Structure formats: C-alpha cells, structure tokens
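To start, the structure under review is shown below, and the notes come after it.
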Amino acid sequence: MSTRVLLVDDDVGAAVVLSAMLELEGFEVRHVRTLADARAELTAERFDVAALDCDLGGEWGPDLVPFLREHHPEMRVLVLSGQAADADCGDARFDKGRSPDELFDTLRALASRSGA
Amino acid sequence: MTSRDAAIGARAAEAIASAKTSHLRHGLRNRLGSIRNAAFFLRRRARPEWLEAEPRLAEFLDLIQAEASAGEVLLAEASAERGAGEPTDFGSAVAAGAATAEQEWTSAEPIAPGPVVAAPFLDVASAVKLVLDAAAALETRSFSVGAAELTVAWPGDGTDPRVEAAHRLLRAWGGRVAIDREAHVVRLALPVPA
C-alpha cells in the first residue's frame, strides 16, 4: 500500500511539481493551501505523513502540529524548512534545497514509523 | 531618547528589512526548487528513444537541476542561523520595548521582573515594539504580561508586516509571535531556559 502524504503549501506551483514528483515515486499526495483546508481534509481522509511548509503567507505551517498530535497521533510530521528553529515541533525536518531522492527516503522512513 | 531606545528602534527597523529580504529569499528558493523538481520529473519520465535521439536533452535537464540546486545553496548560505543568545529578563525587555513604541501603552498589571528568557534583550524589546506598533493601528492601547508571554488585543482581520517581522526575529530563539484569531489577540511568547 502506498504512503499517503498530506502536503500543506500555499505555493501552488511548487506544490504541483512536488506532488507530481512524489506520485511518480509511488506516493499518494493530497495538496491543500491553508491550515483550515488541512483540518477539513483530515476529518475525511487518513494520511501517513503531513508535509508542512512553514511560511503559508500569513499562516505558520507548524501551527498544525498540536492539532495533529491531539487528533491524529499516528501521523508523522515532516516540516519543510531549512531552519532548525522552525522544526522543533515535527518528527523530522527537510530542507527543500536537498535532493528529491533524500525527500523520498525521509518520507518512507517517517511512514514506516507511522501508526496508521 | 536614550541610546538604548535608539538601538531598539534600529533593531526593529532592521527586523522589518530582514523580513522583507527573507520573503524574497524564500520566494526565490521556492522558484528554484520548482524548476529543479520539474527537471527531475522530466528526466525520469523522458523516454529512452528521446534521449537517444537528442543526447543534449539529458545533459540539459541535468544542467537545469544542477544550476537550480547551486542557486538554492547560494540563497541558503545567505541566511545563516544564529548562535545562542544572552538570557534576558522578559519583564524588563517588555517595558523597554513598550517605552519606545510609537503610541503610549499601559500594562494591565505592573510588569514584574523575570522570568528569564533565552533571547537577547534587544531582540525581545524590538519585537515588543513591533507588535505594539502594529496593534496601535487597530486602536488598542493596553497589553498584559504573563510568564514569558505578551498579549495584546487584535480586533483586525488582516496580518501586519511588523507582526511577521517580530515573529521572524524571535523564531531564531525558539520564540513566536502569532495572531490568535479566535481569541482576537496577538501573543508574543518565548521559551524559558531549563
């Protein structure tokens, strides 16, 4: 069964390309732009990993983490940031400047630790 | 105006400029990342016969990825993270920041010294000034100080670049500035060292 990823990123162009790349690698990806949309999606669907961009244009991606910990403790959280200070709250941090293969490996490793 | 007040004002102005630069850097990194990822996708999806017919196709797709990655590295190097900061008496920093705000402010309760937070005095005080200047635009005039936390009423719907600049300033120290839209307040909070 493929790993299901909820991608939260307000940058549509970046998210479309990232989703295509992940899907090519066998991940199932659902993209949302806001934290409200992410919460709505989480009520209807099950995901293994949440990949959160930090700067959502007025919102802060890691602000979703307390909600995930409370309502979806089985999900793992990947914070997409190059800054260590941004990502203390997640299970892992990924600098978007690193290679796609490293991202795939990171997501697979997180999914293997998911309780879903 | 004391030299300390001037330093707080200068730090606040610097934080706003830094936030604008950071926006630009973030946007450019996202663009470069998309270009690199798109090239990665096309390289994986290119049919062998296409690559055989035009050897430069693979070469150029690899080149796009390499050049975009190099650009991302350049931008990442321009945003070095900070080291450890000197602990600061939170109450004193709040009082100093409020004293330099553009409008006069009153605290709901007397500002007590402490607790100590893991961030430099100048950064905390200038973040307080930025938050209060932003909230003044909404005609708020009072705030409350909790344990390493400043709370100001925020009746508006929008964001303010000064709030974001304050957040970016404190983020490096594990702090945060966020508008709680449900509670209609903006909170500035910093961690207390163990």
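Excluded from the calculations below are hydrogen atoms, water molecules and symmetry mates; all remaining heavy atoms, backbone and side chain alike, are included. As the structure is a prediction and not an experimental result, all values here were calculated from the model. Residue numbering restarts at 1 for every chain, and letters A, B, ... go by the order of the sequence lines.
- Here the side chains of A/S99 and B/Q65 are not in contact, with every heavy-atom distance at 4.5 Å or above.
- The CH2 atom of A/W60 lies 8.5 Å from the CD atom of B/E164; values are rounded to the nearest 0.5 Å.
- The structure places CG of A/L18 at 8.5 Å from OG of B/S34, a figure rounded to the nearest 0.5 Å.
- Side-chain atoms of A/M21 and B/R44, non-hydrogen and from C-beta on, never get closer than 4.5 Å to each other.
- Residues A/V17 and A/L22 do not share a hydrophobic cluster, defined by chaining ILVMFWY side chains whose heavy atoms lie under 4.5 Å apart.
- Heavy atoms from other residues, nucleotides or ligands lying under 6.0 Å from CD of B/E49 number more than 12.
- When the side chains of ILVMFWY residues are joined at heavy-atom separations under 4.5 Å, either directly or via intervening members, B/L24 and B/L75 end up in a single hydrophobic cluster.
- The shortest distance between side-chain heavy atoms of A/D63 and B/R176 falls below 4.5 Å.
- A 4.5 Å side-chain heavy-atom check between A/D101 and B/F40 finds at least one atom pair inside the cut-off.
- Residues B/L130 and B/L122 do not share a hydrophobic cluster, clusters being chains of Ile/Leu/Val/Met/Phe/Trp/Tyr side chains in contact below 4.5 Å.
- Cluster annotation: A/L52 and A/L35 are assigned to the same hydrophobic cluster (Ile/Leu/Val/Met/Phe/Trp/Tyr, side-chain heavy-atom contacts under 4.5 Å, transitive).
- Under a hydrophobic-cluster definition in which Ile, Leu, Val, Met, Phe, Trp and Tyr are linked whenever side-chain heavy atoms come within less than 4.5 Å, directly or via other members, A/V65 and A/V32 are assigned to the same cluster.
- Using a 4.5 Å cut-off between heavy atoms, A/E59 does not touch chain B at all.
- Annotation: the span from A/L24 atom CG to B/N37 atom CG amounts to 11.5 Å, rounded to 0.5 Å.
- Heavy atoms of B/F41 lying under 4.5 Å from chain A belong to its backbone as well as its side chain.
- With a 4.5 angstrom heavy-atom cutoff, A/D55 touches chain B via backbone and side-chain atoms both.
- Expressed to the nearest 0.5 Å, how far CZ of B/R31 lies from CG of A/D11 amounts to 4.0 Å.
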